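See structure below.
These numbers come from the heavy atoms of this one structure, side chains and all, not from hydrogens, waters or symmetry mates. Order of listing sets the numbers, starting from 1, for every ligand and every atom in it. Worth saying up front: this structure is predicted, and the values here are computed from it rather than measured.
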Amino acid sequence: MCGIFAYVGRQKAGGILLEGLKRLEYRGYDSAGLAVADKDKLRVIKKKGRVEVVAAKARRARLQAVMGISHTRWATHGDVNDTNAHPHLSDDSKIALVHNGVIENYASIKKFLESRNCSFQSQTDTEVLASLIAYHYAKEQPEEGKNRFLESVRKSLHHVEGAYGIAVICADYPNEIVGARKGSPLVLGVGNGENMISSDVSAFAGRTQNVVYLDDGQVVLITRDDFSVTTMMDESVQPVINRVDWEIEESVLGTFSHYMEKEIFEQPTSLENTMRGRFSDDGSTAKFGGLNIAARDLRQIDRILFCACGTAWHACLVAEYLIERFARLPVEVDYASEFRYRNAPLDKNTLVFVISQSGETIDTLEALRESKRKGFRTLAFTNVVGSTIARETDGGIYQHAGPEIGVASTKAFTSQILLAAMVALYLGRLRDLSFNDGTEIVKALKKTPGLVSQILDQADKIKAIAEKYADSRDFLFLGRQLMFPLALEGALKLKEISYLHAEGYPAAEMKHGPLALIGPECPTVFIAPKGEIFKKNLANIQEIKARKGPIIAITSTGSDFPEDLADDIIFIPQSHECVTPILAAIPLQLLAYYIARHRGCDVDKPRNLAKSVTVE
Ligand code: M6R
C-alpha cells in the first residue's frame, strides 16, 4: 500500500517523479504529492485525488529541481484529504518525508515531540517521523566524518516500531536522498548519472533496469553519481545489482480501455509464459528450476499447508483439490492473516507453500517468516521477480505472467492455478500418478492457452449478458468441488470492482442459508462444467429456478445442459479437470469487468483498495 518514488540526477525531477508515480498508482490512489529541494528550501505539492491532479499543480509550479521524493497514498492514519497527503514536512520545514507502512508507536513519539513544542498539521503517523528526524537533526552532533542528515534518520528509526519504507530529503542536503526499509518494500534503481528509490521496480521503467533489492533494516543514501547501503547499525552492505528484464510496453495500456481488460485478454500469452520450459523431455511431468528441494526430500513430505490472501487464497483452494487428487497428499489451506497468529500445530514433515502475486502482501510474508522461524521448509509462487517473498522463501516458482497493474487480479490468478496444476502433476508423478496419466495431463495443460482464446472470442456475448444483469444489487456464485474456489473468485471479482453484493458458496450449501436470498432480483452464476457431479448441479439449479431466481450458467460444450434451465448460458470448452478452473475463470472475469464498466466504476482502481497490501 502506498507507493514511494525518489529521484536524484541531472534532469528536472518533477516530470520524472510524476511519471514514476503514475506507475505506482496501483498501490494506492487516495492522494498524491511530491517534494523537491529548491535552492535551500523544500517545496511540497500535494493533493487529495489521483496523480494527474498533482501533475496539473506541478506543471503550473515550473519546478527546476533535479531531485525530489514523491508518494501515492492508501490511507491508514487520517482522512483522505490534502493535509494528510504525503510528503510531510517536519515542524521546522527542514525535512520532507514519504512513507509506506504504519508507525505503530507514533502516538507516544508525537507526545514526546509536543512536549518539545513541536506542532503537527496532519493526523498521520508519517508527519511524526518527519519531525522526529528534524528533532535529532537539530539536536545531535554526529561523530567526525559522519553525515548528519543520514545519522538523524538512522537515529530516529531506532525509536520507531512498526513497518516502513521511507524516502527523506533535507533542505541542507539538496543533493542527497535517504531511504530505509523495515517491513515495507524498497528498491534502489542505479542509473547513469541518476539514482532512484522506489517501492517497486515499475517506477524505474524507461530509466534503468539495474536494481538493488534492499533488505529489512537497511538504509540507503543516494546522490546523482553514487549510492551506499548500510545497516541500521551503520555496518556497510555490499549491494548486489540485479537486472530486471521486463519491457516497458508490458505496462502500457495500448488500445484497451483498462488494464484489467488488457490483462484478461493477455491470458493466452501469460499462460504460455507460465508453462514455458517447465515440462520434462518425456512429456510426462513438470520440472521447476528454483524449488531447491530434491525429489527424494519431497517424497518425505506428509502434508502441505498453503497460505495466501484474497484471490491468491482461492488459487490455494484449487491447489488443494488438485494436489490431493493427483498426489494423494493431504493439503490444508489457511488465510495467511489467520495462520500467522494461530500458532498452528504442524506435523514436522509439513511443507509450507505461500502464493502471492506481488510477493509483498504483509500477512503472506509474515506467514512465510513464521513458518521459517519454526523450521518448516517453505515454497512460494510469486509473480514479481525480486519481491520480498521471492527472496525470503527457501524455494519457489515465478509465475512469469507479466506485470499485473489492475487491482483486480486476473492473469496472475490463472497462472497461479496453472502452476498449482503443474505442481500437483509433479508431486503426483513422484508418487502414484502413472506415466500415461502424466502425459495426458501435460497434453491437456499445453492446450490451455488456445482454449482460453476460444472463450475470449465470446467476449461480446458475455458483455451482453453482463449488461442485462448490471442493475441487480445481489449476486450468488455457486460451484462444487474445483468450481467452489471459482465461485468464491467470481464473487470477489464482482464485488471488488462493481461494489455490488456478491457471495460465493459450494453449490450444495445454498440450501443451508443462501437460498433465502433467491428471488427474481438475485441472479445466480452457476459454474457447472461436465463432470462427475454434473447431475447434482442440475438439481441445485432446478431448486433455484423453482424460486424464480435467474440463472447464468457456465458449462462445458457438449455437457447436455438443458437449454431451458438457465436464462443465459456461457459455454467453455470441454477439457481435463485440471484445466477447467482456468477456463471457468475467464467468463467470471469478463462478467465482473463488463458489469463494472457498464456501471461506470473505476475498474482499475476500485475505491478503498490497493494492489499490494503491505499493512496488516
Ligand atoms: O499480491 P497478492 O497475490 O499477495 O495479493 C493478495 C490479494 O490482496 C489479492 O489477490 C486481492 O484479493 C486482489 N485484489 C483480488 O483481485
Side-chain angles (χ1 to χ4, degrees), residues 1-3 25-29 74 184-185 199-200 202 258-261 263-264 267 270 274 306-319 333-340 353-369 380-390 392-393 396-399 401-417 419-420 477 485-486 488-499 502 504 585-586 588-593 596 601-616:
M1 329 222 89
C2 299
E25 224 181 355
Y26 72 87
R27 301 178 70 90
Y29 30 83
W74 186 86
S184 300
S199 308
D200 139 4
S202 63
H258 298 95
Y259 281 106
M260 182 180 179
E261 183 188 27
E263 287 153 10
I264 291 172
Q267 287 175 106
S270 57
T274 301
F306 274 93
C307 283
C309 305
T311 287
W313 184 77
H314 299 154
C316 293
L317 294 178
V318 176
V333 178
D334 208 349
Y335 284 110
S337 54
E338 289 297 310
F339 171 75
R340 61 180 287 200
F353 221 122
V354 301
I355 300 184
S356 173
Q357 187 286 130
S358 62
E360 301 294 350
T361 300
I362 193 72
D363 285 320
T364 312
L365 174 61
E366 290 300 336
L368 174 85
R369 286 176 174 163
F381 298 162
T382 52
N383 193 35
V384 177
V385 175
S387 56
T388 310
I389 289 177
E392 293 196 13
T393 178
I397 307 170
Y398 278 123
Q399 296 179 221
E404 191 180 66
I405 311 288
V407 164
S409 187
T410 52
K411 64 176 182 174
F413 177 60
T414 49
S415 90
Q416 287 161 355
I417 302 179
L419 283 182
F477 286 74
L486 271 292
L488 295 177
E489 175 62 7
L492 175 65
K493 217 83 304 174
L494 182 64
K495 76 183 114 184
E496 74 173 324
I497 59 169
S498 69
Y499 320 140
I586 312 298
L588 295 170
Q589 295 167 352
L590 287 170
L591 274 174
Y593 172 69
C601 299
D602 192 345
V603 173
D604 284 333
K605 298 188 182 79
R607 69 184 182 206
N608 307 337
L609 300 181
K611 181 78 182 157
S612 177
V613 182
T614 54
V615 292
E616 297 191 40

Give the ring-plane orientation class for His314 versus Phe413, where under 30° counts as parallel, over 60° as perpendicular and anything between as tilted.
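Rings of His314 and Phe413: perpendicular, over 60°.
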If the plane angle is over 60° it's perpendicular, under 30° parallel, otherwise tilted; pick one for Phe353 and Phe381.
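Phe353 vs Phe381 ring planes: perpendicular.
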Shortest protein heavy-atom distance from [atom], along with the residue and atom involved:
atom	value
atom 9 (C) of ligand 1	Thr311 N, 4.0 Å
atom 16 (O) of ligand 1	Glu496 OE2, 2.4 Å
atom 3 (O) of ligand 1	Gln357 N, 2.7 Å
atom 8 (O) of ligand 1	Val613 CG2, 4.0 Å
atom 13 (C) of ligand 1	Val407 O, 3.8 Å

Ser612 touching ligand 1 at heavy-atom level, < 4.0 angstrom:
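The answer is no: ligand 1 sits nowhere under 4.0 Å from a heavy atom of Ser612.
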Please state whether Lys493 comes within less than 4.0 angstrom of ligand 1, counting heavy atoms only.
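A heavy atom of Lys493 does come that close to ligand 1.
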Donor-acceptor pair, distance only, cut-off 3.5 Å: does the side chain of Ser356 make one with the backbone of Thr382?
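No; zero donor-acceptor contacts below 3.5 Å.
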Glu263 side chain vs Ser409 backbone, donor-acceptor pair below 3.5 Å:
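Such a contact is absent between Glu263 side chain and Ser409 backbone.
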Residue Ser358 vicinity, atoms of ligand 1 by number, heavy atom under 4.0 Å:
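The atoms of ligand 1 under 4.0 Å from a heavy atom of Ser358 are 1 (O), 2 (P), 4 (O).
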Numbered atoms and elements of ligand 1 in range of Ala312, under 4.0 angstrom, heavy atoms
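Listed by number with element, the hits are 3 (O), 10 (O).
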Any nitrogen or oxygen of [X] lying under 3.5 Å from a nitrogen or oxygen in ligand 1? Just yes or no.
X	value
Ser356	yes
Leu492	no
Thr361	yes

Between Glu360 and Thr388, do the side chains contain an N or O donor and an N or O acceptor separated by less than 3.5 Å?
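Checked: Glu360/Thr388 side chains pair up, N/O donor to acceptor below 3.5 Å.
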Could you name the option among Gly310, Cys309, Ala408 that has the heavy atom nearest to atom 6 (C) of ligand 1?
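Minimum heavy-atom distance to atom 6 (C) of ligand 1 goes to Cys309.
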Please name the pair of heavy atoms, one in Asp604 and one in Met260, separated by the smallest distance, quoted to 0.1 Å.
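Closest pair (atom of Asp604, atom of Met260, distance): OD1-N, 2.9 Å.
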Residue pair Trp74 / Ala610: nearest heavy atoms and the distance that separates them:
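Scanning both residues, the minimum pair turns out to be CD1-CB, 3.6 Å.
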Under the side chain to side chain contact (heavy atoms under 4.5 Å, CB included) criterion, do Val333 and Cys316 qualify, and how do the steps go?
CA-CA 6 Å; Val333 178; Cys316 293; 3.6 Å; yes
Does the pair Glu392/Arg369 count as a salt bridge with the N-to-O cut at 4.0 Å?
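The answer is yes: the pair qualifies as a salt bridge.
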